[in-house]
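These notes are about the structure you will find just below.
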Number of protein chains: 2
Amino acid sequence: MRLTTKGRYAVTAMLDLALHGEAGPVSVVDVCERQGIPGAYLEQIFARLRRAGCIDSVRGPGGGYVLSQSLEQISISDILVAVGEGVDATRCHGAADCQDGTQCMTHDLWSELSDQIDGFLRRITLASLVRRVGATGSGNHRARERVAELIHATNL
Amino acid sequence: MRLTTKGRYAVTAMLDLALHGEAGPVSVVDVCERQGIPGAYLEQIFARLRRAGCIDSVRGPGGGYVLSQSLEQISISDILVAVGEGVDATRCHGAADCQDGTQCMTHDLWSELSDQIDGFLRRITLASLVRRVGATGSGNHRARERVAELIHATNL
DNA sequence: CGAAAAGTAGACCGTTTTAGTCGGGTATTG
DNA sequence: CAATACCCGACTAAAACGGTCTACTTTTCG
């Protein structure tokens, strides 16, 4: 199972807005310089997020993007769905016609899996992400060590 | 997030072995006719499963493939990992060097997500799948209705 | 022994998706 | 009116996906 960079970029960018958006709109350039995301690509992603209603845009000098809801209201699931990276592990995209018009043996399994993953992502909001990043400090030594441990422990 | 057909085929094929393997080895042709999987492709998948130690092969007439462990011992996670479809939502594949050699802001998130999904898949074994398929009957009306409800409820 | 049944191996290939780039817009501000 | 910033659609190289095809080797049965 893979997550594409588009989905990751979208979440990263939204988190960046959450962290730096208090003083007003945040420009694409600001975000892509801080997060190392190609500017032209990030524009596309922001466009999708806007059309989905996750963010609002302000044009002209001093403009940029602003979160359109509170941090508690925006979940990771919302963001991924907005950029077309919503979870779907089924072959038939939920239609249950996987094999000759009827559902295949493993349809329930994939359906349930999709549900589990989405549930997890729905419970994580920008608010909880901000709390976490704030607590460990982004990119510092302590954080890196903690993650290294985690990876080692879970054999990821 | 997407799951490829290779992963789905692998699980389906393993489940087929679990359901029809009691009388001896099951041939590729048998499995692909029952499950609607292209034969030549399924052969590739079985080859990976064998190299990973999930199944054993028996050559010559009357040969085929046999599960190499008990139904309780084989998890969906094992199968997916065997065919190279293991869960990894991080960009850096666990190395924590996502951004300029240090970990990016969202590394923990993806790492934890991968962990959650894998945990879920590890708890489901061929044994539990066989029980489930037996209980609902594959492809019957009741099962399809249940799934339709689920899909509607979760907006998948 | 020889034919047929089956697995083994790996090169190959068309299509789709990914991960962007590019070029030209349009609104807003100073 | 010029600079800043969003807006939008077309385009593209590379990778991944979902297979196919060919040419083996091993084993059983008659």
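A, B, ... follow the sequence lines: proteins, then strands. Residue 1 opens every chain.
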Expressed as a whole number of angstroms, how long is the span from [X]:[atom1] to [N]:[atom2]?
X: Gln44(B); N: dA6(C); atom1: CD; atom2: P; result: 20 Å
X: Gln35(B); N: dG18(D); atom1: CD; atom2: C1'; result: 18 Å
X: Asp56(B); N: dT26(D); atom1: CG; atom2: P; result: 18 Å
X: Arg8(B); N: dG19(D); atom1: CZ; atom2: C1'; result: 15 Å
X: Phe46(A); N: dC8(D); atom1: CZ; atom2: P; result: 15 Å
X: Ile45(B); N: dG19(D); atom1: CD1; atom2: P; result: 9 Å
X: Arg51(B); N: dT8(C); atom1: CZ; atom2: P; result: 9 Å
X: Tyr65(A); N: dC7(D); atom1: OH; atom2: P; result: 4 Å

Check: Are the side chains of Ile79(B) and Leu126(B) in touch, meaning some heavy atoms are under 4.5 Å apart?
Finding: yes
Check: Hey, which of these two, Arg91(A) or Ser27(A), hits DNA chain D nearer its 5' end, going by closest nucleotide?
Finding: Ser27(A)
Distance below 4.0 Å between [X] side-chain N/O and [N] OP1 or OP2:
X: Arg2(A); N: dC17(D); value: yes
X: Tyr9(B); N: dG18(D); value: no
X: Ser57(B); N: dT8(C); value: yes
X: Tyr41(B); N: dC17(D); value: no

hbond_proxy [X] side chain to [N] base (donor-acceptor, 3.5 Å cutoff):
X: Arg59(B); N: dT25(D); answer: yes
X: Arg50(B); N: dT8(C); answer: no
X: Glu43(A); N: dT21(C); answer: no

Notebook entry, point to check: When you check the gap from the basic side-chain N to the acidic O, do Arg34(A) and Asp16(A) get nearer than 4.0 Å?
Noted result: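 Salt bridge: yes.
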Next item on the list: With DNA chain C as reference, determine whether Lys6(A) or Pro61(A) sits nearer its 5' end, using the nearest nucleotide of each.
Entry: Lys6(A)
Next item on the list: Map Ala40(B) and Val28(B) onto DNA chain C by nearest heavy atom, then report which one ends up closer to the 5' terminus.
Entry: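 Here Val28(B) is the residue nearer the 5' end.
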Margin query: What contact category does Val29(A) fall into here, base, sugar-phosphate, or nothing, at under 4.0 angstrom with non-hydrogen atoms?
Written below: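 Answer is nothing: Val29(A) stays at 4.0 Å or more from every strand.
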Next item on the list: Over 60° means perpendicular and under 30° means parallel, so classify the ring planes of Tyr9(B) and Tyr41(B), tilted if in between.
Entry: perpendicular
Checklist line | Ser68(A) versus Asp56(A), side-chain donor and acceptor atoms under 3.5 Å | finding: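 Asp56(A) vs Ser68(A): no donor-acceptor pair found between side chains.
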Note to self: Does either side chain, that of Ser75(B) or that of Asp78(B), offer a donor lying less than 3.5 Å from an acceptor on the other one?
What the structure shows: yes
Next item on the list: Consider the side chain of Thr4(A), meaning its heavy atoms from C-beta on, and name the nucleotide among dT20(D), dT18(C), dA10(D) that approaches it most closely.
Entry: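 It is dT18(C).
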Note to self: So if I take every side-chain heavy atom of Thr5(A) and compare against dA9(C), dA19(C), dT18(C), which nucleotide ends up nearest?
What the structure shows: dA19(C)
Check: Can Glu85(A) and Arg8(A) be said to form a side chain to side chain contact (heavy atoms under 4.5 Å, CB included), step by step?
Finding: CA-CA 10 Å; Glu85(A) 290 286 312; Arg8(A) 267 191 299 266; over 6 Å; no
